[in-house]
Amino acid sequence: MADGESKSRFKRQKMTDDGSDRANPYLAHMHNGAEERDQGVGLSDGHANGHSNGRATGGGTSLASFKRHATTSKQHTVAEDGPANPLNGNNLSKRYFGILKTRRDLPVHAQRQEFLDMYQNTQVLVFVGETGSGKTTQIPQFVIYDDLPQSQGKMVACTQPRRVAAMSVAQRVAQEMDVTLGEEVGYSIRFEDMTGPKTILKYMTDGMLLREAMNDHDLKRYSTIILDEAHERTLATDILMGLLKEVVRRRPDLKLIIMSATLDAQKFQKYFMNAPLLAVPGRTHPVEIFYTAEPERDYVEAAIRTVLQIHATEPEGDILLFLTGEEEIEDACRKINMEADEMVREADAGPLKVYPLYGTLPPAQQQRIFDAAPAPFKPGGRPGRKVVISTNIAETSLTIDGIVYVVDPGFSKQKVYNPRIRVESLLVSPISKASAQQRAGRAGRTRPGKCFRLYTEGAFKKELIDQSYPEILRSNLASTVLELKKLGIDDLVHFDLMDPPAPETLMRALEELNYLACLDDEGELTTLGKLASDFPLDPALAVMLISSPEFYCSNEILSLTSLLSVPQVFVRPAAARKRADEMKDLFAHEDGDHLTVLNVYHAFKSPAAQENPKQWCHDHFLSYRALQQADNVRLQLKRIMEREEVELVSTPFDDKKYYENIRRALVAGFFMQVAKKDSGGKSYVTVKDNQSVLLHPSTVLGQDSEWVLYNEFVLTSKNYIRNVTAVKPEWLLDIAPTYYDVDSFSKGEVKTSLQRVKDKVNRRTGYKAASGR
DNA sequence: GTAAATTCT
């Protein structure tokens, strides 16, 4: 592999980096006259409402003289210079002043006054800050100094799409403000509320704020809400934007800041009644982009070749390669390792260390990507290098310093939803231009880097879409619709979303909720629906849980619901499949996978296993993390059940009906996910939409069950149903009579079969078939 | 006879 060869496949394109040249057309230029503004004395009126909740009020601190929404950057910097902490009057630490210096070097700091001028003069502000601008840590602090939420007895919220981000940013900002995390600055995520009575700045996940909105439609606890990373367009962010658009109308005192990393900010501006925009440049190193001259046929093979060429020809620096899934990544790791060994032997190459990275990898193994690159074989020899092969987890969630080369084949697995067959599935699809930029940017975090795109420049320009479709357009909306109803949105069709989903998707969701009796025929929330929306669960799971006391097994269904809302508990390493399967057989229940996983949970909770649960899980090929997480979820759900007075009951274990009751309770939630064996005897057909499906080979269920209920529909090489339990058709007619109205079924085997069962039941109970509803 | 991008309440 000669040097020239590596370059020949790539056409060099002249550009600094996707966006590091940020001569920004949207940059707001405002006259900076605020310095002369009167520096009001005394706290604003809000201080007089006499809230005695122990919040920091600024009294006795340098903030006491600040006039709300009329402060200046100069005032802020004077206050920050100490000597007392502006928030609580304490002495400031040495570390504080050290951090203060670096904070003032951040690009956002240069525009602090500009930001204040806009913030003070508008209710909604769109803020664009590229990577490295400091927006996530600094803007909320600027806001605190001007909004003085403590004087209103309120807080400033800043949302993040991911839990880790909310936690780590809060930690960092607490340090910057020299306060204890959880006091003036805190965070709130599921299972963990690190806030207290003094908290005035709260980082939180977007999902968490959405939950809060369900019980407080006006979000009255907040004086300013900052939606960060809005460009990621998570489902929760989209719903919050729709909601907040209405809330700002109802609450003129609420300020809203939409923060985004892309220049596609006009869309946000337009959506929010032409809100003003402020843009701040980022600070990253330039990344040189290379494209292939011709399209690649096999992107995995091309990617491996490119990684090896970089290793052979490029100067020191680590490599990040993006692939789409676990199997592809493990496969590429193996191949690169083999080739690298050969390069070391035959071409005197430096050592190459390869690390896989994907979501389901245990945390300890994920940590290994942060190991330093290997040292040269001998002092002064060819440099060692680290290669990380990752899914798009490294695109946003995880940042690896030291990456200088990025290899981007241009694909990722994405969720798609097909409302016609009501199936969410994962599909390998081309990424968007925004993703490609994000990936390239990963090469320029510590020094100038290079990005090798395994597609042509023409393809980048013409074939990639600008932005990935927002999640709301790719999801089953059943739980979203339920949430919206609970948020007080009555007219879903006219609810102003940035990207409204297809009418068919909405119809499907409404229909599903109606069958689940969460919405009545008028589309209004029922008592059951209200209760279901209190649980952080899919509607079918929530309904199953709420109905379970009627089947005398709510304790067991509570466990099962928790198990179904965490990742798979069975571990099946490629090297030990057979042993793993044998272990699974120990827990198998002949009536299906639900009862099997429940057996696992009960065994996990037994004193014997709890003696050393980690070891026990390892020995039994079970995921300790998943089971622990299930335990956590169970506790949270149990608290909600107690609060809402959903009874916790069990059928005695020695009762003949113990397992049958659980299977019947499953039907109460999942009656829409039932399949009947085909006349051929091998495959199954789903009731109502007549899809041919196969039992997933991982099921413990034998082939002799006529009717089965399933949890998941998996589209891979074939249509599989997974997590399957045998049910009786009588139960379907009994528990879900509206859905199993035999007359509504289209002609076919399912209908005939159901009719036969119905007649039999009617004969037995003495009713005439005709008298049935 | 076998798959699971990612994230969230």
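Numbered from 1 within each chain, the chains take letters A, B, ... in sequence-line order. Treat the numbers as computed from the prediction; the structure is a model and nothing was measured.
Residue A:R722 places no side-chain atom within donor-acceptor reach of the base of B:dT2, judged by atom type and a 3.5 Å distance cut-off alone.
Every pair passing salt bridge (charged side-chain N to carboxylate O under 4.0 Å, His left out) that includes a residue from residues 561-583 of chain A is listed here, sequence neighbours excluded: A:R572-A:D581.
Atom-to-atom, CZ of A:R211 to P of B:dT7 comes out at 20 Å; the value is rounded to the nearest Å. Here B:dT6 presents its P atom at 13 Å from CD of A:Q414, a figure rounded to the nearest Å. Atom OH of A:Y187 and atom P of B:dT9 are 12 Å apart (whole Å). For the pair A:L361 CG and B:dA5 P, the interatomic distance rounds to 12 Å; values are reported in whole Å. Nucleotide B:dC8 holds its C1' atom 15 Å from the CG atom of A:L541, rounded to whole Å.
Between A:D331 and A:K335, at least one side-chain nitrogen of the basic residue sits less than 4.0 Å from a carboxylate oxygen of the acidic one, meeting the salt-bridge criterion.
The residue A:Y358 sits close only to the backbone: its heavy atoms come under 4.0 Å of sugar-phosphate atoms, none of a base. Residue A:T234 is out of contact with every strand shown, counting any heavy-atom pair closer than 4.0 Å. In this structure, A:R162 reaches the sugar-phosphate backbone alone: every heavy-atom distance under 4.0 Å involves primed, P, OP1 or OP2 atoms, never a base. Looking at heavy-atom distances under 4.0 Å, A:R163 makes contact with sugar-phosphate atoms alone, never a base. Counting non-hydrogen atoms under 4.0 angstrom, A:D534 reaches nothing in the nucleic acid.
Within the 4.5 Å cutoff, side-chain heavy atoms of A:L510 are placed close to those of A:L492.
Atom CZ of A:R445 has 12 or fewer heavy atoms from other residues, nucleotides or ligands within 6.0 Å.
A sub-4.0 Å separation between OP1 or OP2 of B:dT6 and a side-chain N or O of A:T396 is absent. The side chain of A:R190 contributes no N or O atom lying less than 4.0 Å from OP1 or OP2 of B:dT7.
Between A:S565 and A:E326, the residue anchored closer to the 5' end of DNA chain B is A:E326, taking for each the nucleotide with the nearest heavy atom. Residues A:N392 and A:D538 each lie close to DNA chain B; by heavy-atom proximity, the contact nearer the 5' end of the strand is made by A:N392.
Between the side chains of A:Y187 and A:Q171, not a single donor N or O lies within less than 3.5 Å of an accepting N or O.
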